[in-house]
Amino acid sequence: MSPQKPLSRVVEAMPPSGIRKFFDLAQTMTGVITLGVGEPDFPTPWGVRESAIHALTRGATTYTGNSGLLELRELICADLEARHGLTYRPADECLVTSGVSEGLDLALRALLNPGDEVIVPEPSYVAYQPCVAFAGGVPVPVPADPAQGYRLDAERIAAAVTPRTKAVLFGSPSNPTGAAQSAEDLTALAALAAREDFWLVSDEIYDRLTYTGTHTSTAAVEGAWERTVLLNGFSKSYAMTGWRVGYVCAPEPVAALMHRIHQYTMLCAPHVSQVAAIEALKSADPDVTEMVADYDRRRRLFVKGLDELGLTCPEPGGAFYAFPSIRSSGLSSQDFAEQLLEEQKVAVVPGDVFGPSGEGHVRCSYATALPLLEQALERMGRFLEARR
Amino acid sequence: MHEILTVLESDARATPERIAALTGIPEDEVRAAIAGWEADGVIRRYKTVVDRDRLGDTRVTAFVDVTVAPERGRGFDDVAERIARFREIRAVHLVSGAQDLRVEVEGSSMKEVADFVAQKLSGVDRVTATSTHFLLRRYKDDGQLLIDPEPDQRLSVMP
Ligand SMILES: Cc1ncc(COP(=O)(O)O)c(C=O)c1O
């Protein structure tokens, strides 16, 4: 007899990622130009890879301490201090994780009791709401306004606050909109958090990839540090997605709980990747600067090209995504993405996978070589032309 | 403004219109800046990087370290300039270390390069010694990798 007892109800109730369907479809086709990828098209800077190869020859094949290599935590804290003026103790306020993905899970599990609500501004990164639910919480999506550049509006958030509100979870710069939040809006949010006593879980994985201004770290605004869990990592800035290394920084009491979960569920982030991360912080900033300059050129050209096609979007200030409105096509975002892929072999991600408020938009990643971006724009032009 | 040069250095054929789209600098300012640099000699010329091995080009290159007895009051400049004027010479650099000049010589065969070094280069006034290294294979030239690019291993749609 096969097992009869129900599997996890929480997990079963969670629909699989909407991105999966597109992935499966795109996989069966050749000649696809993909703007659907949420990772850099650059390989990891060579100096970082060399250091990892060397580390392997020297035996970096073991577990490290649960918190991660001390040298790495010291470099992370020094970097946060230098760039954002943040002070975290490497010893007990910084934990090296297997990517921001793990950090996100740890943060939510450490913060939430069953039924606690977490406000998630939408459109949001696909993992936020499922991770809240997996940790026993209740995600409360709050749509952001495209007309206001998807800014975090404390008033809109305030309207969704209840006595059960435990945290607001958001990313800046944002996947999928590219919106980078201003110091003023973050300050207003921090004031609301203090007044209503909730946490800020701030995913800043794209913090180095900003184009129109400098990044404001949530923990750096007035009154925010003591109620912020800061998530960051090496995947995007240093083009290190496959290494699975990131970090969380938080005040000691919550960091201690995250450490406890991590100790039992992950033991440690990959040793060799931690060595690579050390090298990244020590020597790869010039590589990052070059990549950022390159993304910025593509961003300008691509956003202008979209605009000329009537696919308008607020100027994305960070990350490597544009989130244009496709309403002028008269199609739903699923239909748009599906037909564009089938007819013109351009893969984009339908906006509704980032929440219902993403409907009417598609996410395009410009972490794509310039000639391909230009071809993709041409193909999108033909696609729209055929529908006039 | 240096953004303009960054674009041109990677694609000498980029038009002012394209450079404007990439940098956000207005097209007429791009044109004016380029014209200014061309006039000042900041932009020397527009070149194409050719992978000669792939082309099947059999020309031969050698790096030659040249020791020079410097001239009173003129240092190495006179000798370096005289050497630089030879058609066979592709590059001349004054370097630190045991030798003084490092030059790049090109010819259609090893014999031609060897003859040039023996008869012309070493005969230039004040050249006291030469040491020749023939180039066997180029892996990177002018900042351009000449080995095969790494395959893109990313999946086509990812969160
Ligand atoms: C906003 C955001 N957070 C987290 C992640 C996952 O990052 P990591 O590779 O560090 O797990 C991504 C990757 O797409 C992302 O876009």
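By convention in this document, chain letters (A, B, ...) are assigned in the order of the sequence lines, proteins followed by strands, and residues within each chain are numbered from 1.
Of the atoms belonging to A:Glu290, not a single heavy atom falls under 4.5 Å from chain B. Contact of A:Phe42 with chain B is not made at all, since no heavy-atom distance falls under 4.5 Å. In this structure, no portion of A:Arg299 lies under 4.5 Å from any heavy atom of chain B. Using a 4.5 Å cut-off between heavy atoms, A:Asp41 contacts chain B through both its backbone and its side chain. For chain B, the nearby part of A:Tyr125 is the side chain; its heavy atoms alone come within less than 4.5 Å. Of the two parts of A:Pro40, only the backbone, made up of N, CA, C and O, holds a non-hydrogen atom closer than 4.5 Å to a non-hydrogen atom of chain B.
Counting heavy atoms of neighbouring residues, nucleotides and ligands inside a 6.0 Å radius, atom CD of B:Gln153 does not exceed 12 of them. Environment of CZ in B:Arg90: sparse, with no more than 12 heavy atoms of neighbouring residues, nucleotides or ligands closer than 6.0 Å. Within a 6.0 Å radius of CE in A:Met29, more than 12 heavy atoms belonging to other residues, nucleotides or ligands are found. By the 6.0 Å contact criterion, CZ on A:Arg49 is enclosed, its count of non-hydrogen atoms from other residues, nucleotides or ligands being greater than 12.
Interface check for chain B: of the options A:Leu370, A:Val353, A:Leu25, the most heavy-atom pairs under 4.5 Å are formed by A:Leu370.
Contacts from residues 1-29 of chain B to chain A, taken as heavy-atom pairs separated by less than 4.5 Å, involve B:Glu3, B:Thr6, B:Val7, B:Arg18, B:Ala21, B:Leu22, B:Thr23, B:Gly24 in sequence order.
Listed for the B:Arg154 side chain is no donor-acceptor partner under 3.5 Å among the backbone atoms of A:Val37.
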